[in-house]
Number of protein chains: 2
Amino acid sequence: MDYNMESIRELILNYIELDEAEWEHCSQMLKIDTINKKEIVLFQNTVCKNIYFVVKGLLRTYFIDQRGNEKTFHFSTENTFATDYESFLKRTPSHYAIQALEDTIVITISLEMHESIYTKLRYGERLGRLIAEDYFFMINDKIKALYGQTPLERYNTMNKKFPKILQRIPQHYIASYLNITSVHLSRLK
Amino acid sequence: MDYNMESIRELILNYIELDEAEWEHCSQMLKIDTINKKEIVLFQNTVCKNIYFVVKGLLRTYFIDQRGNEKTFHFSTENTFATDYESFLKRTPSHYAIQALEDTIVITISLEMHESIYTKLRYGERLGRLIAEDYFFMINDKIKALYGQTPLERYNTMNKKFPKILQRIPQHYIASYLNITSVHLSRLK
DNA sequence: TTTAATTGATAACATTTGTTATCGGTTTTT
DNA sequence: AAAAACCGATAACAAATGTTATCAATTAAA
């Protein structure tokens, strides 16, 4: 289909074997979409029905807490995913919202495709397991950072992890990602 | 084998089908152990080689951060698990340590058993996926609490979640679980 | 092009949280 | 039974972080 699909195929191949027929099945269910800057693709408290794979651009996952403060949970850069995985798996209202920070091109993975993975791919269950495990590792890192590091240390870690993307993101989003206010972040620098 | 095994069998049955032969295979690989109060069953920075299922008693998962502060990550009460799942799955040095807060009886699930699950059980991969997903949900709740709630709110949530266990646990452990100092927790109450 | 929003910095002040020390009252160890 | 360790509360002070407001520079919208 599209040459952009190739990157997602390679990602799957990192996890499991995938023959031509299986890939054919997958690629037919994938859609390429564009999201305009500031557009919201998932609203908080609605069921998350897609996983987005960012081909180009930048997505932000966030939520509004009880006091009305916006908290940024994650940035999805090129070749990474964005979704509320818990909402997606459980079909429950999402805790997070997802918004484009730039004009963004994504590959959309639907609930239907996700379900068919388990039946149509020989190693579908394993793929699901490895993805869930990776998701767990990712979020585990976040917990460790929140528990064991100061905001400044988290900022420095972030600088190493997203060296270039940082300049593209407004500071108040970065601050809320670090769980501090933008004023305080300004001070730390 | 032991009637205590029954609870772990039921847990598995919540996830997948399991026939007699499969259960026979599993139960033969499970060991019942006792852990004395204050005993450490996993040291930080060593590979975590077991998953512990608490039959009776109480385990605490924690780590020492860069500044030398001890941070409690999790309490494992009766009929729940304790492990450093990332270390266990990746065979990497653990970030956490695990210690008994009371004399505790556990069922020990070894690395060997975990591996055999994927080959010996018909739905082993699925079981692995569902466990990883549940682990992810659990930790996702923690993240949401750390991002969106004040320490006092987290304390109240905890009160609802572990209504009785709280009295069994020294306050400074609870405080570090909430990511505050024990002095500050005293003040909040 | 003009106007309106957004952004990042900074200052002054308020609130939250941490640090250190002290003090009874337990519990544990000897 | 005596001594030592542990526990929870409290006070006084220090440090970290939040709040509100202002301002100049930039960017987006009309």
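Every chain is numbered from 1 and lettered A, B, ... according to where its sequence line falls, protein lines coming before strand lines. Just so it is clear, the values below take in all heavy atoms, side chains as well, and ignore hydrogens, waters and symmetry mates.
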B:Phe53-B:Ile12 co-clustered via ILVMFWY side chain contacts under 4.5 Å: yes
ILVMFWY cluster, A:Val106 and A:Phe81 together (side-chain gap under 4.5 Å): no
Among C:dT16, D:dT10, D:dT17, the nucleotide that comes nearest once only the side chain of B:His184 is considered: C:dT16
Per B:Ser186 side chain, nearest of listed nucleotides D:dG8, D:dT17, C:dT7: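 Looking only at heavy atoms from C-beta outward on B:Ser186, the closest nucleotide is D:dG8.
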Sugar-phosphate only, base, or nothing, as touched by B:Lys38 at under 4.0 Å among non-hydrogen atoms: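 Contact class for B:Lys38: none.
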Phosphate OP1/OP2 of C:dT28 contacted by B:Lys37 side-chain N/O (<4.0 Å): yes
Any A:Gln171 side-chain N or O less than 4.0 Å from OP1/OP2 of C:dT6: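 No, because none of the side-chain N or O atoms of A:Gln171 sits under 4.0 Å from OP1 or OP2 of C:dT6.
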Side-chain (B:Gln99) to main-chain (B:Val41) donor-acceptor, under 3.5 angstrom: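 Not confirmed, B:Gln99 side chain does not pair with B:Val41 backbone.
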Pair of N/O donor and acceptor under 3.5 Å linking D:dG18 base with A:Arg187 side chain: yes
Take atom [atom1] of [X] and atom [atom2] of [N], then tell me their distance rounded to the nearest Å.
X	N	atom1	atom2	answer
A:Asn179	D:dT17	CG	P	11 Å
A:Leu188	C:dA9	CG	P	11 Å
A:Ile180	C:dG8	CD1	C1'	14 Å
B:Leu152	C:dT17	CG	C1'	13 Å
B:Gln149	C:dT17	CD	P	13 Å
B:Ile174	D:dG8	CD1	C1'	11 Å

Which residue lies more 5' along DNA chain D, comparing B:Leu185 with A:Thr181 via nearest heavy atoms: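 Nearest-nucleotide comparison on DNA chain D picks B:Leu185.
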B:His172 or B:Val183, whichever maps to the more 5' nucleotide of DNA chain D: B:His172
B:Phe73 ring center within less than 6.0 Å of B:Tyr62 ring center: no
Side chain to side chain donor-acceptor pair (under 3.5 Å) evaluation trace for A:Asn140 with B:Tyr85: CA-CA 10 Å; A:Asn140 203 23; B:Tyr85 201 41; over 6 Å; no
